[in-house]
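Convention: sequence-line order gives letters A, B, ...; per-chain numbering from 1.
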Amino acid sequence: MLPVLPSMSERRKPYPFDILEPKWQAIWEQRIAFHAPNPGEPGFDPARPKYYVLDMFPYPSGSGLHVGHPEGYTATDIVARYKRFRGFNVLHPIGWDAFGLPAEQYAIRTGQHPEVTTRQNIAHFKKQLKRIGFSYDWEREVSTADARFFRWTQWIFLQIYQSWFNPETKRAEPIATYTGDDPDSVRLAYVAEVPVNWCPELGTVLANEEVIDGKSEVGGFPVVRRPMRQWMLRITAYAERLIDELEPLDWPEGIKLLQRNWIGKSTGAEVRFAVAESDDVIAVFTTRPDTLYGATYMVLAPENPLVDRLTTNEQQAAVSAYRAQVSAKSDLERTDLAKDKSGVFTGAYAINPANGERIPIWTADYVLMGYGTGAIMAVPAHDERDLEFANRYGLEIREVVASGAVSPPGSARASRAVSGALAGKSSGGAADLAGEAPAPAREARALPRLEDGVAINSPLIDGLATPEAKKRITSLLEEKGLGRRTINYKLHDWLFSRQRYWGEPFPIVWQQGKHRAIHESELPLVPPPLDDFKPTGTGEPPLARAKDWVRYSDTATRELNTMPQWAGSCWYYLRFCDPGNEERFVGAAPERYWMGSGNDEAQNEISHSAQPGGVDLYVGGTEHAVLHLLYARFWHKVLFDLGHLSTGEPFQRLVNQGIILGEDGRKMSKRWGNVIDPLDVIAEYGADAFRCYEMFMGPLEQMKPWSMTGVEGVARFLARVWRLATEENQEGEWALSAAVQEVEPTRAHLKVIHATIKKVSEDIEALSFNTAIAQMMIFVNAFTSPPGSARASRAGAGASPATARPGSLPGGTFPARVPETAGEAPALPGVSRSVPVAALRTLLVLLNPFAPHLTSELWERLGERFPITPNEITGQPWPDYQPEFLVEDEVEIALQVNGKVRDRIMVPIGAGKAELEALARANPRVQEFIAGKTVRKVVAVEKKLVNVVAT
RNA sequence: GCCAGGGUGGCGAAAUUGGCAGACGCGCCAGACUUAGGAUCUGGUGGAGCAAUCCUUAGGGGUUCGAGUCCCCUCCCUGGUACCA
């Protein structure tokens with residue numbers, strides 16, 4: 001009879017992770033092991049510094065986590081566990097971004113209430129996360145769709161609604177401090193008519209991400225822009241601070257740049273053009289006021305109301321037709337596809353304030369209503385778009401900037417031949433440049449000229465270099481009241497309302513056409529129950545169906561819009577500090593402790609004053625580089641201005657994890673069938689192997705493909721760790737190995753131990769987890785491979801220390817080392833296969849943040865034979881390395897001839913340059929290569945190499 | 001088009017201030033132990049060459065005693081963005 005063999009899958013398990021991982025997860029759960037108490041709560045230790053490490057919380061989708069999600073989570077978990085060893089109070093929470101479109105769309109299809117699907121999805125996500133063994137503080141779990149949470153989202157909206165941005169103080173202030181007569185015009189939350197994506201066929205408004213190439217994602221129906229009454233948040237008021245206060249943050253430079261570009265600050269001037277034969281004035285924004293003389297026509301955006309006023313009777317038909325044509329185009333057609341510029345002459349003329357010339361006013365859709373004033377002065381000689389347009393319609397092109405040397409200051413000034421409004425009584429001895437100008441007009445060069453140069457054909461500023469010309473003309477315009485220096489931003493105010501069901505209802509009611517806030521005591525305002533989530537067809541949000549709910553009083557009705565998904569994620573990191581608080585969105589003391597720059601008790605210590613505060617480490621995907629982070633910073637600043645928070649920025653250090661691709665190198669998606677579920681990987685190799693592989697793949701920030709054989713390799717490493725401490729007995733059970741003994745590590749072992757402590761500590765701080773794991777592999781190789789084996793030698797543990805080397809001569813001559821060939825290295829006396837307990841314990845602590853289950857188990861088993869208090873790995877301090885174990889007596893240096901390595905020799909660590917040079921010159925290999933040549937130079941670098949240059 | 005980040009063995013990747021390219025792992029080759037091996041252990045493994053030796057960090061140029069690393073140009077990949085005056 002054959003013995004009963006374990007099944008294939010069981011046999012393949014190199015160590016019993018399937019038993020010990022659930023065991024430890026149960027222990028952690030039962031002990032609530034990773035709960036961080038707040039200041040004042042039992043168990044809180046005020047002596048410890050705080051560390052807040054945060055993941056971007058997930059949207060609990062129906063498909064669950066794939067292996068890409070936990071990459072960042074694993075990184076933060078390692079940091080969290082590491083910081084706990086380092087004596088920090090660690091805040092490491094997780095929650096759910098639970099409002100959102102997919103659940104609503106699912107509800108529309110199935111009638112299943114979003115709350116039900118969301119609850120199920122959360123349960124699945126939670127199961128996945130727990131099985132990976134993350135050390136989240138589950139006591140702090142929050143969900144944005146939970147009334148206990150969104151009550152405060154609504155409350156924060158009210159704070160925003162009830163305040164305004166005081167341009168004097170550059171801060172948000174309660175609306176009561178506003179002394180003007182129309183508070184609604186300055187509120188940070190306001191109502192405006194703005195265009196939305198309206199799909200007539202579906203009878204609904206679509207989010208931008210639901211519109212693909214101008215068609216609805218569902219059904220492919222046309223989508224048009226239609227103005228609707230919307231809630232807006234005045235984020236533009238904070239544009240300047242959002243740029244300035246970005247600077248000191250410890251974020252990737254690329255992300256900061258992305259945010260700056262998104263905000264898109266540009267400095268220029270607003271210039272007012274009078275309309276000929278009319279009282280109307282067209283204001284334009286330009287970053288190149290110095291090219292004012294080159295403005296040969298003007299363009300109004302088709303939506304600009306002035307178009308109606310200015311268009312002459314003769315042009316009426318053409319203009320109307322053009323505007324109709326434009327409005328039928330989607331945004332995409334208008335921008336992406338519109339390579340050919342189009343436009344129509346309005347029939348009207350404006351007066352160029354610089355020279356009094358009449359210039360035609362056109363309307364064209366290459367000018368956007370949403371930026372600047374919705375009108376431009378066109379300078380075709382110095383603007384690509386204007387040039388293209390001018391060429392198409394035969395408009396005048398006049399160069400006003402020339403290349404060439406900048407004239408000495410004051411050598412050229414205003415001309416006399418000026419008739420424009422600006423010229424009036426302006427100063428100006430004229431200087432005739434004709435003689436000395438380098439005749440730029442004759443140069444055959446491509447227009448437009450966009451670079452800075454020298455103003456020409458511009459009497460008031462001729463000869464001035466562009467920056468000076470800008471300043472000069474702007475101040476002249478200012479003097480005459482024809483313009484002023486202005487700053488413009490690409491950033492728009494935030495469209496904050498959605499025509500959706502599954503989001504936070506606004507705490508707002510409407511009465512006689514006016515909005516007002518409901519009282520705080522009426523929060524949370526819970527969405528009404530519905531069983532039909534379909535669009536109403538009229539463009540009214542689904543909440544309109546709940547007639548009773550909508551009716552607030554005899555005279556007032558509720559706001560029907562809901563907030564966007566961003567709302568909850570704008571402040572969830574604050575709620576984590578105090579998730580159960582029923583009095584406030586976050587208690588003052590917990591906020592001060594976790595978000596502040598240090599704990600109250602330690603505030604006087606200098607070491608803490610350097611800490612800027614906020615979330616100490618925030619890890620998430622690049623897809624949130626702009627919007628989420630910008631919106632959250634905005635809310636944070638408002639709350640800070642209103643005195644609710646202790647810091648001005650929420651996230652001190654930000655890191656983006658890269659995307660994990662499928663094994664086929666493509667993005668993981670159902671479509672390719674390459675999605676990998678963490679639970680499947682864990683069933684096969686265990687959670688520790690999963691975690692370690694996620695980190696071993698490569699740098700955190702980088703995009704990289706998944707590889708199952710890679711997981712296997714890491715699993716083998718963990719199995720080696722397991723077998724370093726245990727051996728299988730007769731019964732097939734794993735028992736603590738006899739090799740584990742209370743012995744002193746060898747000197748070579750000490751070197752590996754301390755090198756590993758150093759590298760792992762530094763690498764965790766730098767989030768270079770892949771190299772930290774590599775170093776721990778070296779450690780394990782050094783202890784598992786026989787001394788003298790190649791593996792041990794490479795690890796540095798098998799190689800003989802200097803003192804054991806024969807042939808070392810005192811007195812300053814250092815014989816070259818005989819190159820070691822494989823297997824030749826002598827076994828060191830006293831080295832046995834015994835594993836020193838202390839070394840093993842050190843490894844277990846270093847590895848614990850990466851592989852918490854395995855290391856906890858081994859630590860516990862070690863305690864059975866070698867008792868230690870406390871007998872819990874998490875109670876241990878992080879080891880410190882001792883530099884003295886890292887220094888060597890000898891170091892190998894390379895001998896180069898003309899930059900090519902010709903030999904390597906061992907020299908005493910202190911060998912100076914002269915000694916090195918002498919050794920190099922005396923070296924037979926070197927001599928061989930310099931024979932017959934003249935030595936020109938010898939470069940000696942201590943502890944590195946000698947390079948003999950000979951020709 | 002513009003902005004950002006990349007390009008190093010068959011693969012994932014290492015590499016202080018410029019100082020021995022390829023650590024660590026995967027894969028592969030050979031061997032040991034085995035009835036067996038997708039287990040474990042040992043050795044080998046960038047390319048060419050019998051060898052000495054030569055070549056090698058996308059490609060080309062430059063600075064330097066010395067360049068994956070610094071400078072210039074070109075090509076390719078990924079992400080973001082799209083007439084922002």
Discussion item. Set out, in order, the CA-CA distance, both residues' side-chain angles and the distance that settles side-chain contact (heavy atoms from CB on, under 4.5 Å) for Phe717(A) and Leu847(A), then state yes or no.
Written reply: CA-CA 11 Å; Phe717(A) 157 64; Leu847(A) 183 58; 4.2 Å; yes

Item to complete: Report yes if at least one side-chain N or O of Arg720(A) is closer than 4.0 Å to OP1 or OP2 of C24(B); otherwise report no.
Response: no

Discussion item. Side-chain N or O of Arg902(A) versus OP1/OP2 of C54(B): is the shortest distance under 4.0 Å?
Written reply: yes

Please output the side-chain donor-acceptor pairs of residues 928-937 of chain A that fall under 3.5 Å, not counting sequence neighbours, one pair per line with the distance.
| from | atom 1 | to | atom 2 | distance (Å) |
| --- | --- | --- | --- | --- |
| Glu928(A) | OE2 | Arg925(A) | NH1 | 3.3 |
| Arg936(A) | NE | Thr951(A) | OG1 | 2.6 |
| Arg936(A) | NH2 | Thr951(A) | OG1 | 3.2 |

Worksheet item: Nearest-Å distance, CG (Leu627(A)) to C1' (U81(B))?
Response: 12 Å

Worksheet entry | Whole-Å gap separating C1' (C41(B)) and CZ (Arg716(A)) | 12 Å

[X] near the nucleic acid: base, sugar-phosphate alone, or nothing, with a heavy-atom cut-off under 4.0 Å?
X         : answer
Ser707(A) : nothing
Arg666(A) : nothing
Thr286(A) : sugar-phosphate
Ile376(A) : base
Lys900(A) : sugar-phosphate
Arg723(A) : sugar-phosphate

Item to complete: Step through it carefully: locate the ring centre of Tyr297(A), locate the ring centre of Phe389(A), and say whether they are under 6.0 Å apart.
Response: yes

Salt bridge (charged side-chain N to carboxylate O under 4.0 Å, His left out) partners for [X], two or more places apart:
X         : answer
Glu727(A) : none
Lys490(A) : none
Arg260(A) : none
Glu384(A) : none

Item to complete: Find which nucleotide of RNA chain B each of Asn261(A) and Ile893(A) is nearest to by heavy atoms, and output the residue with the more 5' nucleotide.
Response: Asn261(A)

Can you name the atoms? Protein N/O to nucleotides 49-51 of chain B N/O, anything below 3.5 Å, with the distance.
none

Worksheet item: Who passes side chain to side chain contact (heavy atoms under 4.5 Å, CB included) against Ala920(A), sequence neighbours left out?
Response: Leu895(A), Val946(A), Val948(A)

Worksheet entry | Base-paired stems in RNA chain B, each at least three Watson-Crick or G-U pairs under 3.5 Å | B:1-7 with B:75-81, B:10-12 with B:24-26, B:27-32 with B:40-45, B:46-48 with B:53-55, B:58-62 with B:70-74

Response to the item:
For nucleotides 65-70 of chain B, 5' to 3', base contacts (B), sugar-phosphate-only contacts (S) and non-contacts (-) with protein non-hydrogen atoms under 4.0 Å give BS----

Discussion item. I want to verify a distance call: between G27(B), G19(B), C83(B), whose nearest atom is closest to the Thr709(A) side chain?
Written reply: G27(B)

Worksheet item: Looking at the side chain of Lys944(A), which of G19(B), C54(B), G25(B) is the nearest nucleotide?
Response: G19(B)

Worksheet item: How are the rings of Trp362(A) and Tyr393(A) set relative to one another: parallel (under 30°), tilted (30 to 60°) or perpendicular (over 60°)?
Response: tilted

Discussion item. For Gly374(A), is there any backbone N or O sitting under 3.5 Å from a side-chain donor or acceptor partner on Asn304(A)?
Written reply: yes

Item to complete: With sequence neighbours excluded, tell me which residues meet side-chain hydrogen bond (donor to acceptor under 3.5 Å, both in side chains) with Lys265(A).
Response: Glu240(A)

Check nucleotides 12-14 of chain B for protein N or O atoms closer than 3.5 Å to its own N or O atoms and list the pairs.
| from | atom 1 | to | atom 2 | distance (Å) |
| --- | --- | --- | --- | --- |
| G12(B) | O2' | Met697(A) | O | 2.4 |
| A13(B) | OP1 | Gln702(A) | NE2 | 2.9 |
| A14(B) | OP1 | Asn770(A) | ND2 | 2.9 |

Worksheet item: Under the side-chain hydrogen bond (donor to acceptor under 3.5 Å, both in side chains) rule, what pairs show up with a residue in residues 691-703 of chain A, not counting sequence neighbours?
Response: Asp77(A)-Arg691(A)

